[in-house]
Amino acid sequence: MAGIWIFAEKTEQALELLQAGQLLLAAGMGGELIAVTWPGGPRPEDLGAAGAAEVLLLPPLADHQPLESYGPSILEEARKVQPNLLLFSSTARGKDLASRIAEGLNAGLCSGCNALHWNSESGTLEMERLLYGGAAVQRIAPFTFPVLATVPPGTFRRGTGNPDREATIRHLPAPPVSPVSVLEHKPKERKGQDVMAAKIVVCAGRGFEKPEDLAFARNLADTLGGALACTRPLSEEMHWLPEDLCIGLSGIQVKPDLYIGIGVSGQVQHLTGIRGAKIVCAINRDEQAPIFAAADLGIVGDLYAVLPRLLQALNETAAP
Amino acid sequence: MPVLVACFKWVVDEAYIRRTSAGELDLSSVSYKISDYDRNALEEAARMKEASGGSVLAVTVGVPESTKGVKDALSRGADQAFFIADPSFGMLGASETAAILAEVIRTRIGNFDLVLCGEGSSDLYNQQVGIRLAERLGIPCLSFVQKLELEEGRVVAERRLEDGIERVSAPLPAVVTVLPDINIPRIPGVKDTLSASRKPVVTIGKDDLAVAPDAHFRTISLAASRLDRQCERFGADETDIRRFIGALRQKGVLR
Ligand SMILES: Cc1cc2nc3c(=O)[nH]c(=O)nc-3n(C[C@H](O)[C@H](O)[C@H](O)COP(=O)(O)OP(=O)(O)OC[C@H]3O[C@@H](n4cnc5c(N)ncnc54)[C@H](O)[C@@H]3O)c2cc1C
Ligand SMILES: Nc1ncnc2c1ncn2[C@@H]1O[C@H](COP(=O)(O)O)[C@@H](O)[C@H]1O
């Protein structure tokens, strides 16, 4: 048994995957936990402290090479070592790399995996994912190993780690030059609070007519001490808000105490991202909107009338 | 003149999926559609052709009942369709679909410049087929693309990644997977629908294929998701809004 490999772009994602891997090993899956990283990726010492027994360190990439160029190096090593499971954090690059490596290994890849369970009696790895935008939950098991999974960030708890633990480091060879070259990287400005950590999330949907009107939603979020988020059309079609505020299947999954969706219709792909919310509220002028069936409390009304009243009432009745 | 291949899938419209009282999936009243982001792939191919000439070939793998989808794709600007059909092609895994697409693209189309896929299919959302297909064909893949151009034997694209936008370039032939904001797909008119029925469709059966890919996974269970919410309704007047705030305080989620 050759263990579990993990690959993530960010340290916090790597820690999550290492924790998930540790649970599987503890359940009897067997083998060691191995992390793959590169200069600029999660640091070997952090990976070791979080439980990686070995770190496979890739050499720096040549100039203008995208991160996916590492594919052939990781694939070569995986062919030799034949790990049972390769876990990737499901960022865009992670999903791309995982698909390439899965194809190279002729292996299955469970995309958007949100639960992993080692059934020691039958020796099967049970993996869970969503189908139909989240309308269905499918449990699958691979016929053969190795198998791969991409895991949405925030799916598993992070481990605590032990700074005294150290991983052995093994260097992987440089990949061949990729035909794809990076012409330019325009970094995104990071701003705003972390929606994933917020206790209260106010989510704006396409019910807002103009970008300026989002001030109402932002106001509500500020009044409640919460964070502003949005549906996919707002971030991706209108570009009114950054994509990392998009909640749902292709965005982030949130687990706040309170979620308030405003002008959000409640299509299944969006609802998928708020499954873990304690209380779901909706404000929508269409009483037939699907979000009402998925909400604990719903206000049927025009958001342009409801929000000013709601803000006023909140300010008047605010706890001293 | 570029030969553009657009891969699309004919899928269940998830908005009509219900849950039976036993928690099973109820697909009895569903309708079908071209997978959402595949409409963007078809649209982008059609626009490239309109801008620089060439041809658009639409390719799909599905059950024989997907003929409506083939016609729909042809009404969105494709010149010809390749319809790989078999009753067993309803729930193929990503690697199986990619293997079949790769064979058909290699053997039936051969000289192509760019393959366009959606970022992910609406039903499975594996986000794998385009990337696996490129690996199979041994050509570069640019995934998660929001902007696309062809230049002198190369494709230049803007990929949207978590930490920003990456502008990349790759030699043709190549595969791209497109994000929904790359364009706004057209709504076919009557004329488009009429001309679609005169366009050629190459139908390919399972027996015509050399590959017979195996599934990588078995399904242990498939159930409808649960939504246990209280569904309490309020009006929009001031009294109701105060009641609403009261209810939130009572639940302990508001101070
Ligand atoms: C593969 C796939 C993945 C996807 N992933 C995601 C995802 O991660 N996240 C996501 O959000 N979506 C996702 N989508 C898109 C999703 O299907 C819906 O299209 C989207 O969630 C709808 O956004 P919306 O509710 O803002 O807009 P709409 O569906 O247009 O709804 C707007 C709502 O506002 C209401 N409204 C309008 N005016 C007012 C007013 N004045 N006052 C009150 N209410 C008003 C309307 O009644 C309507 O219900 C995905 C789709 C696919 C196919
Ligand atoms: N059965 C199919 N026939 C043709 N193209 C497909 C099929 N399945 C997936 N694709 C293409 O691959 C993309 C990604 O699909 P998936 O990996 O299932 O999310 C889709 O957006 C389509 O462009």
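So you know, we letter chains A, B, ... as the sequences are listed, proteins then strands, and number each from 1. These values consider heavy atoms only, across backbone and side chains, with no hydrogens, waters or symmetry-generated copies.
- Highest contact tally toward chain A, considering only B:A247, B:S221, B:G164, is held by B:S221 [criterion: heavy-atom pairs under 4.5 Å].
- With a threshold of 4.5 angstrom between heavy atoms, B:L254 approaches chain A through side-chain atoms but not through N, CA, C or O.
- B:S225 contributes a side-chain N or O that, together with a main-chain N or O of A:G134, makes up a donor-acceptor pair within less than 3.5 Å.
- For a residue to count as touching a neighbouring chain, one of its non-hydrogen atoms must lie under 4.5 Å from one of that chain's; by this rule A:I283 does not touch chain B.
- Contact of B:L27 with chain A is made through the side chain alone, with heavy-atom distances under 4.5 Å.
- Ranked by heavy-atom pairs shorter than 4.5 Å toward chain B, the options A:V180, A:L130, A:T272, A:T144 are led by A:V180.
- Ion pair B:E166/A:K186 not flagged as a salt bridge, since none of the NZ, NE, NH1 or NH2 atoms sits closer than 4.0 Å to an Asp/Glu carboxylate oxygen.
- A donor-acceptor pair is defined here as one N or O able to donate and one able to accept, closer than 3.5 Å; such a pair exists between the side chain of A:T91 and the backbone of A:G94.
- Of the two parts of A:A107, only the backbone, made up of N, CA, C and O, holds a non-hydrogen atom closer than 4.5 Å to a non-hydrogen atom of chain B.
- At a 4.5 Å heavy-atom cutoff, A:E128 makes no contact with chain B through either its backbone or its side chain.
- For A:N119 (side chain) and A:T124 (main-chain N/O), no donor-acceptor pair under 3.5 Å exists by modelled atom type.
- Between chain B and the residues A:S99, A:G71, A:S181, A:A98, the largest count of heavy-atom pairs under 4.5 Å involves A:S181.
- Contacts of A:H239 with chain B are made by side-chain atoms alone, with heavy-atom separations under 4.5 Å and no backbone atom involved.
- Salt-bridge check for A:D96 with A:R93: failed, with every basic side-chain N at 4.0 Å or more from each acidic carboxylate O.
- Looking at A:E68, the atoms closer than 4.5 Å to chain B (heavy atoms on both sides) all sit in the side chain, from C-beta outward.
- For A:M238, no part lies near chain B; criterion is any non-hydrogen pair under 4.5 Å.
- Note that CG of B:N183 is 5.0 Å distant from CD of B:E44, once rounded to the nearest 0.5 Å.
- Here the side chains of B:V168 and A:L183 are not in contact, with every heavy-atom distance at 4.5 Å or above.
- Heavy atoms of B:S122 lying under 4.5 Å from chain A belong exclusively to its backbone.
- Considering all non-hydrogen atoms of both residues, A:L311 and A:L220 come closest at CD2-CA, 3.7 Å.
- In this structure, chain B has a heavy atom under 4.5 Å from the side chain of A:V268, while its backbone stays farther away.
- Judged by distance alone, with hydrogens and angles left aside, the side-chain atoms of B:N126 form no donor-acceptor pair with the main-chain N or O of B:Q128 at under 3.5 Å.
- Heavy atoms closer than 4.5 Å to chain A are found in both the backbone and the side chain of B:R233.
- In this structure, chain B has heavy atoms under 4.5 Å from both the backbone and the side chain of A:A141.
- Looking at A:E236, both its backbone and its side chain come within 4.5 Å of chain B, counting heavy atoms on both sides.
- Under the 4.0 Å criterion applied to side-chain N and carboxylate O atoms, B:D181 and B:R160 are assigned as salt-bridge partners.
- In this structure the side chain of B:P171 reaches within 4.5 angstrom of the side chain of B:R154, judged on heavy atoms.
- Looking at B:A94, neither its backbone nor its side chain comes within 4.5 Å of chain A, counting heavy atoms on both sides.
- Contact tally against chain A (heavy-atom pairs below 4.5 Å) for B:V12, B:I241, B:L179, B:D163: the top residue is B:D163.
- With hydrogens and angles disregarded, no donor-acceptor distance shorter than 3.5 Å links the side chain of A:Q253 to the backbone of A:P152.
- Ion pairing of A:K10 with B:E162 is absent here, as no side-chain N (NZ or NE/NH1/NH2) approaches a carboxylate O to less than 4.0 Å.
- Chain B forms more heavy-atom pairs under 4.5 Å with one residue of A:G133, A:P233, A:S111 than with any other, namely A:S111.
- For B:I220, the CD1 atom counts as densely surrounded, since its 6.0 Å shell holds more than 12 non-hydrogen atoms of other residues, nucleotides or ligands.
- Ranked by non-hydrogen atom pairs under 4.5 Å with chain B, the options A:R285, A:E287, A:R129 are led by A:R129.
- Residue contact with chain B, scored on non-hydrogen atoms closer than 4.5 Å, involves the side chain of A:C281 exclusively.
- Looking only at heavy-atom pairs under 4.5 Å with chain A, the residue among B:R167, B:R159, B:Q127 that has the most is B:R167.
- Judged purely by atom type and a 3.5 angstrom limit, B:D113 uses its side chain to pair as donor or acceptor with the backbone of B:V3.
- No salt bridge links B:R76 with B:E43; every basic N to acidic carboxylate O contact stays at or beyond 4.0 Å.
- Of the charged side-chain nitrogens involved, none lies within less than 4.0 Å of a carboxylate oxygen, so that A:R232 and A:E237 do not count as a salt-bridged pair.
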(message) Could you go through A:E103 and B:R136, starting from their C-alpha distance and side-chain angles, then the distance that decides it, and tell me whether this counts as salt bridge (Lys or Arg N to Asp or Glu O under 4.0 Å)?
(response) CA-CA 8 Å; A:E103 189 57 36; B:R136 281 238 159 204; 2.8 Å; yes

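- When each of A:V306, A:L271, A:I279 is checked for heavy-atom pairs under 4.5 Å with chain B, A:I279 comes out on top.
- Contacts of B:I17 with chain A are made by side-chain atoms alone, with heavy-atom separations under 4.5 Å and no backbone atom involved.
- The choice from B:G252, B:P140, B:S169, B:P180 that makes the most heavy-atom pairs within less than 4.5 Å of chain A is B:S169.
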(request) Apply the test salt bridge (Lys or Arg N to Asp or Glu O under 4.0 Å) to residues B:K9 and B:D38: give CA-CA distance (whole Å), side-chain angles for both, the deciding distance (0.1 Å), then the verdict. (result) CA-CA 7 Å; B:K9 188 177 186 186; B:D38 298 357; over 6 Å; no

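- Here B:A215 is the residue among B:A215, B:G120, B:S95 with the most heavy-atom pairs under 4.5 Å with chain A.
- Proximity to chain B (any heavy atom under 4.5 Å) is shown, for A:R275, by both the backbone and the side chain.
- Of the two parts of B:L142, only the side chain, counted from C-beta on, holds a non-hydrogen atom closer than 4.5 Å to a non-hydrogen atom of chain A.
- Proximity to chain B (any heavy atom under 4.5 Å) is shown, for A:L75, by neither the backbone nor the side chain.
- Looking at B:L161, both its backbone and its side chain come within 4.5 Å of chain A, counting heavy atoms on both sides.
- Ranked by heavy-atom pairs shorter than 4.5 Å toward chain A, the options B:L222, B:V156, B:V11, B:V155 are led by B:L222.
- Contacts with chain B were tallied for A:Q267, A:Q269, A:K278, A:Q312; A:Q269 has the most, counting heavy-atom pairs under 4.5 Å.
- Interface residue B:Y125: backbone and side-chain heavy atoms are both found under 4.5 Å from chain A.
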